[in-house]
There are 2 protein chains.
Amino acid sequence: MSSKRVLTDRASALPALAEAFREHGFEGATLATLSKATGLGKGSLYNFFPGGKEEMMDAVLENIDGWFANAIFSPLEQALDPAAAITGMFDDVTAYFRSGQRVCVVGCLGLNSAGEAFAAKVKGYFARWISALAHCLEAGKVPPALAANLAEEAVSGIQGAIVLARALGEEASFLRIVQRLQSSLLDAIVRYG
Amino acid sequence: MSSKRVLTDRASALPALAEAFREHGFEGATLATLSKATGLGKGSLYNFFPGGKEEMMDAVLENIDGWFANAIFSPLEQALDPAAAITGMFDDVTAYFRSGQRVCVVGCLGLNSAGEAFAAKVKGYFARWISALAHCLEAGKVPPALAANLAEEAVSGIQGAIVLARALGEEASFLRIVQRLQSSLLDAIVRYG
DNA sequence: AAAAGATTGTACCGATAGGTACATGCGGTA
DNA sequence: TACCGCATGTACCTATCGGTACAATCTTTT
């Protein structure tokens, strides 16, 4: 159990790192910020992440991807009960993004040149989300072409809702938009299911 | 005509500044970047924008807001021909955001703490866009409550389409999403008009 | 053409960026 | 208890950050 200890402490720093990156962005998050956020000194930070900020962000992305895979993608891909899986997805997403007050690190990375180093992971995250959701809709008897469109629209719509809710500074718009997206997916399942 | 000259040159630097901020974000855009982007030395930059980066971004926002007010908000607010105004909006937006490859500076500013200084302008931009669009739909006989929902959905949807298109690195998804948004607005006008 | 003012490049400033080096400390093992 | 190796705080490094100062140059006006 010697090497596990390291991984454990490294992993336990990830939520704080993620939160710091969310709040300040990749460029805006300084080592001082990250140190304060995690409670770890520079020495520890570089001990766990020899690659510096970039490795920290990489680990954060891996961590986020793992969470989504487990909590959201998997249920959609299994899709035992499509309607329930979709309802669950929206519940989880709303909680995760704190009704739009909390930013999507992955989406933000795609927006400026600082995130180019992570382009592959960013693309993978969204591609898998859309395809998982489309698969779930198909399991609910929605025709493939429509399922793909609806899935793309929903994932994109969630990102837009975050941008808008942050800009307006109100959670209500996020909740309204996401509610409509959910309805449109469930309606499709009801119609064809 | 002495003070006019100053304003003219200051204004002519704004597109390049905007592009630099778009590409690197507010924090990521250094004075060196901005200098290279505009072709102006540090001396000139601080001559035109004594307040530094913050004043530059402020001027850029003002400029963008002016462009949108003129090209997009006004036509929607007049709404002589609602359907045509909406079609025109989507055409202009698609061209402006280069089918989603070009980021929305205003939306991005809302996403991290560096943009807090501009919160009021960010909020005003989105609030006016939504209300102009809603007004246009109402002019097309769409009931107020539905018009408000559709307008919110469309503006939010455009932002989401940018995020997704950038993340996936493909313009096609932007075009598909925006096309569907446009159809849903026009359909509402047709239904009630 | 000369004076006045606007415009610009360059040198410079302190602060802080990300990152490295390393001496110290602490926990487990023998 | 003596040892060993990971973990950590601190001091330090260079590059660059945003910003200032100012002398040199251009424009404009007269």
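Chain identifiers are assigned alphabetically (A, B, ...) following the order of the sequence lines, protein sequences preceding nucleic acid strands; residue numbering begins at 1 within each chain. Values below: all heavy atoms of this structure, side chains included; hydrogens, waters and symmetry mates excluded.
- Between the A:K121 side chain and the A:E62 main chain, no donor and acceptor come within less than 3.5 Å of each other.
- A:D9 places none of its side-chain heavy atoms less than 4.5 Å from the side chain of A:L40.
- Partners of B:Y192 under the side-chain hydrogen bond (donor to acceptor under 3.5 Å, both in side chains) rule, at least two apart in sequence or in another chain, do not exist in this structure.
- Under a cut-off of 6.0 angstrom, the local environment of NZ in A:K53 is crowded, with over 12 non-hydrogen atoms contributed by other residues, nucleotides or ligands.
- Rounded to whole angstrom, the span from the CG atom of A:L45 across to the P atom of C:dG18 amounts to 11 Å.
- Rounded to whole Å, the distance from NZ on A:K36 to P on D:dT8 is 20 Å.
- Counting only residues at least two apart or on different chains, the side chain to side chain donor-acceptor pair (under 3.5 Å) pairs with a member in residues 135-151 of chain A are A:N149-B:R180.
- Among residues two or more places apart in sequence or in another chain, the side-chain hydrogen bond (donor to acceptor under 3.5 Å, both in side chains) test is passed with B:R98 by none.
- Listed by chain and residue number, A:R10 satisfy the side-chain hydrogen bond (donor to acceptor under 3.5 Å, both in side chains) test with A:E55 (two or more places apart in sequence, or in another chain).
- Rounding to whole angstrom units, CG of residue B:L34 and C1' of D:dG19 are separated by 13 Å.
- The aromatic rings of A:Y125 and A:W129 lie perpendicular to each other, with more than 60° between the two planes, well past the 30° mark.
- Looking at residues 112-121 of chain A, you'll see that no heavy atom sits under 4.0 Å from any atom of DNA chain C.
- Under the 3.5 Å distance criterion, the side-chain polar atoms of A:S74 are left unmatched by any main-chain donor or acceptor of A:N70.
- Not counting sequence neighbours, the partners of B:R128 by the side-chain hydrogen bond (donor to acceptor under 3.5 Å, both in side chains) test are B:E77.
- For A:K53 and C:dG18, the NZ to C1' distance is 8 Å, given to the nearest whole Å.
- For B:L31, whose side chain is taken as the heavy atoms from C-beta onward, the closest listed nucleotide among D:dG19, C:dT8, C:dG18 is D:dG19.
- Residues from residues 14-29 of chain A placing a heavy atom under 4.0 Å of any atom in DNA chain C, listed by number, are A:A29.
- Proximity note for A:Y46 (side chain, C-beta onward) versus D:dG19, D:dT8, C:dT20: the nearest is C:dT20.
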Side chains of residues 112-119 of chain B: which donor-acceptor partners sit under 3.5 Å, not counting sequence neighbours?
{"from": "B:N112", "atom 1": "OD1", "to": "B:A114", "atom 2": "N", "distance (Å)": "3.2"}
{"from": "B:S113", "atom 1": "OG", "to": "A:E23", "atom 2": "O", "distance (Å)": "3.4"}

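- Here A:C108 pairs with A:V103, B:L111 under the side chain to side chain contact (heavy atoms under 4.5 Å, CB included) rule; sequence neighbours left out.
- Whole-Å rounding puts the A:F48 CZ to D:dA7 P distance at 6 Å.
- Summarising the geometry, the separation between CZ on B:R10 and P on C:dT7 is reported as 12 Å, rounded to the nearest angstrom.
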All N/O pairs under 3.5 Å across the protein-nucleotides 9-15 of chain D interface:
{"from": "D:dG9", "atom 1": "OP2", "to": "A:G41", "atom 2": "N", "distance (Å)": "3.1"}

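- B:E19 and B:R102 are joined by a salt bridge, as a carboxylate oxygen and a charged side-chain nitrogen come within less than 4.0 angstrom of each other.
- The side chain to side chain contact (heavy atoms under 4.5 Å, CB included) check on A:A32 picks up A:T30, with sequence neighbours excluded.
- Interface residues of residues 54-62 of chain B facing DNA chain C, ordered by number: none; criterion, heavy-atom separation under 4.0 Å.
- Distance B:F49 CZ to C:dA6 P: 17 Å, rounded to the nearest Å.
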